[in-house]
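Read through the structure below, which is laid out as C-alpha cells, and then see the notes.
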Amino acid sequence: MIFTIFKKELRETLRDRKTIMSMIIIPMLLFPVIFSVVFKVQKSIEESMSSKVLNIGVIGGAESEEYIAQLQNLPKAFGERKIIRLADSTLLKQYIKEDSIQFGMIFPADLALTEQAKKTAVIPIYYKASELGISDKAAMLNDVVFKTTQQKRFQEAEVEEQTFTPYRYEYVNISSDQETLGKLVGGFLPYIFIVFGFVGCMYPCIDLFTGEKERGTFETLLTTPVTRWQIMLGKMSVVVLSGFLAACFTLVGIFLSLNVFHVVEEPRIIEAIHEMFNFESVVMLLLLLLPLIILFAGVMVPIATNAKTFKEAQSIITPLNMLFIMIAVIGMIPGISLNLLTSCIPVVNVVLGMKSLLSGYLEWHLLAITFVVMVVIAAISVAISYRKFDDERNIVL
C-alpha cells in the first residue's frame with residue numbers, strides 16, 4: 001500500500017509542470033546565475049581596486065626615503081601608489097578613518113642606530129580591519145620592498161641572512177571592535193532577515209488567499225458589507241506581521257545567545273555586540289526591514305491570488321526566495337558599500353544599510369534614500385496586489 005501511494009503521489013507530482021520547474025529546472029538554472037553574478041561582480045571590484053590609486057601615509061624623515069624610493073619604483077603591475085607625508089600619528093589615524101589614506105607607516109627616528117647595532121627595527125603599519133583586502137595589499141607591497149632592502153643591508157654589513165633581521169613590521173588595527181564585528185555580522189545577518197522574513201510571509205499568504213479560494217469561502221466573505229480593498233489590506237496586514245515577527249525573532253535569538261545561553265564568553269566581543277544592537281540601531285534596522293517585508297507580501301499576494309491550489313502557489317512562490325537571496329548576495333560582496341547608486345537598488349540597499357548601521361558608520365542621507373526607495377517599491381507592490389485582488393476572476397474558482 002505504501003508503495004502504491006508513493007507511485008500515485010509521485011505520478012501526480014511529475015504531472016505538474018510548475019513543480020518540475022521549481023524542483024529541477026529553476027535550481028539548475030538559478031545557481032549558475034547566482035555564481036555568475038557573484039563572480040562577475042567580484043571580478044569587477046578587484047579590477048576597480050587594482051586601478052584605484054592606493055594612498056599610503058608615511059611618517060619619518062631621512063630614514064623613510066629609501067623605502068619611499070623603492071615603493072615608487074615598483075612596476076605598475078602592483079597598482080598605482082601615492083605617498084602622503086604626515087607629521088604625526090594622530091593625523092595619520094584620522095586620515096585612515098576618513099579613508100583619505102588606506103594604510104600608514106611610522107619609521108622610527110633611531111632606525112639607523114638600530115641597524116648599526118644589528119638589531120631588528122619594528123615598523124608599525126596602521127590600517128582598518130573593517131576595510132577588507134587592505135592588509136593583504138599592504139603586505140604584498142611591503143614584502144617586496146622590505147626583502148629588497150634587507151638584501152641590501154646584508155650586503156652592506158657583510159653578514160649572513162640568518163644573523164639578524166633588519167626590519168619587522170607589525171599591523172595595528174585602528175578600527176573599533178564594533179566596526180570590525182559589524183562588517184562581519186552585517187555580511188550574514190541581512191541574509192537571515194531575508195530568509196526568515198520571506199518564509200514567515202509565504203505560508204500565511206498562501207493559506208489566506210489560495211487556501212481560502214480552494215476551500216470555497218471567498219464567496220461568503222465577499223457578501224459581507226466590507227469593501228474589496230479592506231479585505232485585501234486586512235489579509236495582507238496579517239502576512240506582513242507574520243513575516244516581520246519571523247525576522248524580528250532573529251534579534252531575540254541574538255539577545256538570548258548573549259544573555260541567557262552565553263554563547264560568546266569574551267567580554268570585549270560581548271560589549272561590541274551590545275554596542276551594535278543598541279536601541280537606536282535596532283529601531284533603524286526594523287524601519288529598514290518593514291518596507292522589505294511589505295515588498296515580500298506585495299510580490300506574493302498576486303501569485304497566491306492567481307493560483308488555483310495551495311500546491312501551485314507554493315511551487316511558484318518558493319523559488320522567489322532564491323531570487324531575493326541572489327540579489328542580497330550582491331550586497332554581501334566585500335568592497336561594495338552604501339552610496340548614492342547602491343542606495344537606489346532595492347534589497348541590495350537594505351543589506352548595505354544594515355551593514356553600515358551595525359558597523360556604526362552612519363550616513364543618514366543614504367539611509368534616508370534607502371528607506372524612501374523601499375517605501376516607494378513596497379507601495380507599488382501593494383497597488384499591484386490590489387489590482388489582482390480586485391479582479392473577481394482571480395479570487396473565485
Quiz item: With D207, which residues qualify under side-chain hydrogen bond (donor to acceptor under 3.5 Å, both in side chains), at least two apart?
Solution: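 Listed in chain order: R215.
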Self-check item: side-chain hydrogen bond (donor to acceptor under 3.5 Å, both in side chains) against S381, all qualifying residues, sequence neighbours excluded
Solution: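 With neighbours one apart ignored, the set is empty.
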Quiz item: Name the one of I206, T305, L295, I317 that satisfies side-chain contact (heavy atoms from CB on, under 4.5 Å) with M300?
Solution: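 Testing each of I206, T305, L295, I317 against M300, the sole residue satisfying side-chain contact (heavy atoms from CB on, under 4.5 Å) is I317.
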Self-check item: With Q94, the side-chain contact (heavy atoms from CB on, under 4.5 Å) member among I96, L92, L91
Solution: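 Result for side-chain contact (heavy atoms from CB on, under 4.5 Å) with Q94: L91.
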Treat each ILVMFWY residue as a node, draw an edge where side-chain heavy atoms are under 4.5 Å apart, and state whether [X] and [Y] are in one component.
| X | Y | value |
| --- | --- | --- |
| L285 | V283 | yes |
| I294 | V376 | no |
| V372 | L292 | no |
| W229 | F218 | yes |
| I384 | L233 | no |

Value rounded to 0.5 Å, distance of [atom1] in [X] from [atom2] in [Y]:
| X | Y | atom1 | atom2 | value |
| --- | --- | --- | --- | --- |
| I303 | Q314 | CD1 | CD | 12.5 Å |
| M232 | R387 | CE | CZ | 13.0 Å |
| I56 | Y127 | CD1 | OH | 15.5 Å |
| I345 | L352 | CD1 | CG | 8.0 Å |
| E214 | T309 | CD | OG1 | 5.5 Å |
| H365 | L340 | NE2 | CG | 5.5 Å |

Quiz item: Does Y95 OH have over 12 foreign heavy atoms under 6.0 Å away?
Solution: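 Not more than 12 within 6.0 Å, no.
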Quiz item: Just wondering, are more than 12 heavy atoms of other shown residues or ligands nearer than 6.0 Å to CZ in R228?
Solution: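 Yes, because the 6.0 Å sphere around CZ of R228 holds more than 12 heavy atoms from other groups.
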Practice problem: Evaluate side chain to side chain contact (heavy atoms under 4.5 Å, CB included) for L367 paired with L338, printing each intermediate quantity in order. | Solution: CA-CA 8 Å; L367 289 176; L338 191 66; 4.1 Å; yes
Report yes if some heavy atom in the side chain of [X] is under 4.5 Å from a heavy atom in the side chain of [Y]; otherwise report no.
| X | Y | value |
| --- | --- | --- |
| L320 | F198 | yes |
| V375 | L290 | no |
| T342 | S337 | no |
| P291 | I377 | no |
| L289 | V350 | no |

Self-check item: side chain to side chain contact (heavy atoms under 4.5 Å, CB included) assessment of V351 paired with I194
Solution: CA-CA 9 Å; V351 174; I194 288 172; 4.3 Å; yes
Quiz item: Pick one: which of F196, F193, F296 meets ring pair (Phe, Tyr, Trp, His ring centres under 6.0 Å) with F324?
Solution: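 Testing each of F196, F193, F296 against F324, the sole residue satisfying ring pair (Phe, Tyr, Trp, His ring centres under 6.0 Å) is F296.
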Given 3.5 Å as the limit, does a donor-acceptor pair link the side chain of [X] with the main chain of [Y], or not?
| X | Y | value |
| --- | --- | --- |
| E312 | K308 | yes |
| S385 | G298 | yes |
| T210 | A304 | yes |
| N349 | V347 | yes |
| T318 | S315 | no |
| K93 | Y126 | no |

Smallest separation among heavy atoms of [X] and [Y], with atom names:
| X | Y | result |
| --- | --- | --- |
| G200 | A246 | CA-CB, 3.9 Å |
| G197 | I293 | CA-CD1, 3.7 Å |
| N55 | S100 | ND2-O, 3.1 Å |
| V239 | A297 | CG1-CB, 3.8 Å |

Quiz prompt | From CA spacing to verdict: side chain to side chain contact (heavy atoms under 4.5 Å, CB included), N306, I316 | solution = CA-CA 11 Å; N306 191 60; I316 299 173; over 6 Å; no
Exercise. May I have the step-by-step check of side chain to side chain contact (heavy atoms under 4.5 Å, CB included) for S343 and V373, ending in yes or no?
Key: CA-CA 8 Å; S343 62; V373 168; over 6 Å; no
Quiz item: Who are the side-chain contact (heavy atoms from CB on, under 4.5 Å) partners of L241, not counting sequence neighbours?
Solution: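 L241 satisfies side-chain contact (heavy atoms from CB on, under 4.5 Å) with L245 once adjacent residues are dropped.
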Quiz prompt | Ring geometry between F389 and F209 (parallel below 30°, tilted from 30 to 60°, perpendicular above 60°) | solution =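 Correct class here is perpendicular.
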